[in-house]
Trainee: 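First the structure, then my questions, so here it is.
We name chains A, B, ... by the order of the sequence lines, and we start the count at 1 in each one.
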Amino acid sequence: MFKPLAALTALVAALTLTGCASAEQEANPLPTESVEQKDSLVLYSGRSEDLIQPLIDMFTAETGIKVEVRYAGSAELAAQILEEGENSPADVFLSQDAGALGAVAKATLFEFVPTETLAKVDRIYSDLEGYWVGVSGRARILTYDPAKVTELPTSVFDLAEPKWKGRIAIAPTNASFQAFVTAMRVLEGNEVTSLWLSAMKENAVIFEKNGAILDAVDAGQVDAGLINHYYWHAKAKEVGAENMKAQLSAFAPGDLGNLVNVAGAGIVNDNSASRAFMDFLLSTSAQTYFAEQTAEYPLIPGISIIPGLTPLSEVKSPDIDLSNLDTLGETLELIRAAGLL
Amino acid sequence: MLLEIRNLSLSYGSQAVLTELNLEAEQGQLTAVLGASGAGKSTLLRLIAGFEAPTSGEIYIDSKLVSSATEVLAPEKRGVGIVPQDSALFSHLTVSQNIGFGLPKGSDARVNELLELVGLAGFANRKPASLSGGQTQRVALARALAPRPKLILLDEPFSALDAELRGRLREDVKAVLKAENASAILVTHDQEEALSLADKVAVMREGQVIQAGSPTEIYNEPVDLGIATFLGDSILVDGKVENGKVSTDLGKLSALNSVAEGQVGVVAIRSENFYLQPNPSGDSEVIGRVFFGHDAVVEVQTPKVKIRARSNGPFAPEVGMRVTVWVRGAVNFYPN
Amino acid sequence: MRKPPALIALLGVFASLAALVPLGYLLFRLGAGADAALTELLRPRTLELLLNTTLLVVSVTATALVIGFLQAWLTTRTNLGFGAVFAVLSTLPLAIPSYVLAFSFTASFPWFSGFWASWLVMSLATSPYVFLAVSAALVRTDSSSEEVARTLGLSKWQVLVRVTWPQVRPAAAAASLLVALYTLSEFGAVAILRFDTFTRAIYNAYRLSFDRTAAAALAVVLVLLTLLVIWFERRYRGDYQVTRPASQKRVRILLGKTKPLAALGLLLVAFAGVGVPLYSLANWSIIGSSTADVSEIFEALVGSVTLAAVAGVVITVFAVAIALWVVRYPTGLGRMVDYSVWANHALPAIVVALALVFLGANLTPWLYQTTALLVLAYLILFLPNALGTMATPIAQVPKSLEDVANSLGVKGNRSIFKVVLPIAAPGILAGAALVSLTVLKELPATLLLRPTGTETLALRLWMATEELAFSQAAPYALLLVILGGLPALALNTQARKALSEVGN
């Protein structure tokens, strides 16, 4: 993995020194003082209201900036921003996964993230070119019912076998699943991915949300499912880990099923409120919130994770550059072609 | 005897509709059941057809018990046809399909025969909605006759039609029934209809058959005052039986029915039984006159009593003329 | 020929354009992306959707027809007894919006999903339409012809098939059309029950493809299916008139041994269509009552009521204007306006909403995501129904009254305000209330077009159900039934008439 951070800093420094800004496309973020002042924010959030609303309330309490939120799926919001184009009323787009962010970035509908904000996070968790920044991390994982699953799959490709028919749950409309499929495309190619998706069409029980999958496994309605790690921990916190029937199992080291992905945010309309919100997302209070409330991985240094959680550095994620997950559009095509959508 | 009804009663709760009704009808006859509205005529038909069960009593068709308080033979098994008041044609079927409804497939010949019979030869493919009132009744009749039922029931079939149509249709219906040698029971409140069409008339009142007989019998010898006043236009005069005749304010009259010496009662005289003899020194004076064209009703003041007499239209006495009033024919006396 | 006042003409023409433009834009958009559209249409997935949708529509229509007919026949024509009670039970599912019905089943039986679930829920939700139409027809026809049929040798059951059914066939056919169109355009219920029909696929394509041409392509197929259904019904309906009998005698058929079976059947349907939902909603509301966020519920309530009220007023104004135009100033243009408004009435809400999203985002960004655009969607969707309800009271005001008013010095068109509207007011108000309640319960258009920050009861229910937060969703479901469903049922004149006649 080469060092994008160093290259970017050099570029920004060079451009700032030359003080040039092209007429068609901004080469670097404007200095804070010259940006439009706004005391309200329109947020498109691909993350659920339950999760985000308390955070927003914290933000408004801290800054006095009122926030209007539009909640929907990450891909749907990305589609909406693409449809709206330059006319989009959104100020910030908070996405559950990198794929949707990548799609918006590709359509050049994001403004640059201010350098100071971008610098808070390890560069591997953000966009290569600085259009979006990672806010919290999550690992894909298998949840299963120990009573029903005696032989754990070592690879996510095992799930394509006929013996898994009707026993594995997935949520094709969920952003994290889509990002995972994108990763499969990037690392294994479209053909392999199509085959796996077709096998899923045969084998899988379809759910709308990860939470629903976990509940189903826990209730014994389905044998196993692919979810994000933090769902299990959040539920365990609520009902007690000893009362959880569903258990977690990682795949073999480096397997696609262990994909570590990030939730992130980007600026659609650059103004003081957008920047303030982006900063807030990477502040100690917000990052602690993610760590404690949602059991996700914080991305700024110095925040402790909940006990019982495998530290991020020990998760055997496949070797992939997150900014390559931007081709969400093609992923959706494949998923739809397989008949899962 | 085709139809025998014995002591038939029907009550809805405490409300009695038919009370111990008795009636007989013979094969090939048209029997009219005559009564005012609410007398229970339609209910009687429904019981004969098998749509309701009697509270007590029996109905026999062809000497077979079809209705009793405990057992009612289903309508479809009785061979009794019905022509309802509103003809009730099947609006989704053509005229010939209506007529052939109760027939097995391939009975076109019979259907056409009936079409001819009721005078609707070209109407085979018409829909009921395009027919006039009289035409729908003809189709209803043909439909009921098609399967050659043992008995056919007609429920006030002409009441919905206007007077002129009624007259013509009556005659046609009678002809059709005779041609088919059908046995029919016709229910009506119209005396003219009953008297002119039927072979036998049964007068119904308050759920019972009061009198049954030929039209002449019913008309000339009504068995009680109620029937007497129900049929025709009657004048009532008090009378007392003396020496075999009834003394009234109109003179001594001969009674048609048997009387006992000394009886006191009422005499019913039909308005057409009066003869008004023009007589300048007569004791009665014409005080009113209503002219109907073919006849007239003349109001006459006799010394003791005011009467209404029916008279020949153009020759009816004028108001103010003096006449002598004669009573023709026998009259009926009803003791109190 | 009097010409309509300028205001009326303006409103009418606007409504006409509003009705035609979205569909036009959809086709235009499709034309621009014709290749992508064709690829979409030729997928095996599209065939799967076609089969699913057709299967659902056909099975639900057939089932609703059978259930509705039997309910009507048993309550109006036989000696089953408790006619009024069964009539109410058979009509009551109308008080429950179909997606709430689906929700109530899913909440209590999470495994309940897919085709059979959708078939059951949609049949329960739509059979009241058939019940109402058929019982009205049965009440109007008298039993004379059925009795005559029996004297001609037919048994009770043969009479049912050969005489009773043909007499109610026109009414039943009209109701079946309603059921078929309703099922075809149903979105909320099939989405909650996770059965893939065109509406659900359109929604997913809208959410999850970036150029959304796929959504437009599927929408056009759905529109074609709708037209096909309408054409089919026209042919099947039959062209005979049911003659109105002189007497209104109604006699009950004796059921005999089948009576308990019949009663059991009716009770079973009532249990499924009314009992299960009510129990489920009550149960989950109780569970959720402790954790209910009252301020959130209140906010959604206010949102729903406000939208419903605003839309109700707007739609009423247009409906009254066009009704006046058609009834009082019959001109060719007026007739055209009338037809064009009706062009959309069979269109599924999601198709209309999709067209408006495209329109808003691309052509009129100042309208986009505003309440105004949402109200416009409601106008397009519900103006035909409002027009139908309000044309009658307006038409019933005798023309002679206006002439009298004119002769007494009230100038020309002012007589509309002084005579026609006041007299027609009760009917118009009832129609306005009904339209508002329909808006209150609306889901798919609201889902696609809502302004950021707007919340309604339906939206909250939808989002909570997606999260499987049943106890959170239940209060919204309950409110929708109590505030929207029940009042709408009470205002439904067809229902009231049927219930009063059947009860006798």
Trainee: Looking at OG1 of C:Thr151 and CD1 of B:Ile48, how far apart are the two atoms once the value is rounded to the nearest 0.5 Å?
Mentor: 13.0 Å

Trainee: Give me the contact list for residues 69-79 of chain B versus chain C, heavy atoms only, anything under 4.5 Å, ordered by residue number.
Mentor: B:Ala74, B:Pro75, B:Glu76

Trainee: Show the nearest heavy-atom pair for residues B:Phe90 and C:Ala149, with the distance to one decimal.
Mentor: CZ-CB, 3.8 Å

Trainee: Are the side chains of C:Val148 and B:Arg143 in contact, using a 4.5 Å heavy-atom criterion?
Mentor: yes

Trainee: If every non-hydrogen atom of B:Ala144 is compared with every non-hydrogen atom of C:Leu152, which pair is closest and at what distance?
Mentor: CA-CD2, 4.5 Å

Trainee: Any heavy-atom pair between the side chains of C:Arg150 and B:Phe51 that's under 4.5 Å?
Mentor: yes

Trainee: Answer yes or no: are there more than 12 heavy-atom neighbours, outside C:Gln158 itself, under 6.0 Å from its atom CD?
Mentor: yes

Trainee: Do other residues, nucleotides or ligands put more than 12 heavy atoms under 6.0 Å from the CD atom of B:Gln29?
Mentor: yes

Trainee: Is any residue of residues 93-111 of chain B within less than 4.5 Å of chain C by heavy atoms, and which ones?
Mentor: B:Phe101, B:Gly102

Trainee: Below 4.5 Å, heavy atoms only, C-beta onward: do C:Ser144 and B:Asp86 meet side chain to side chain?
Mentor: yes

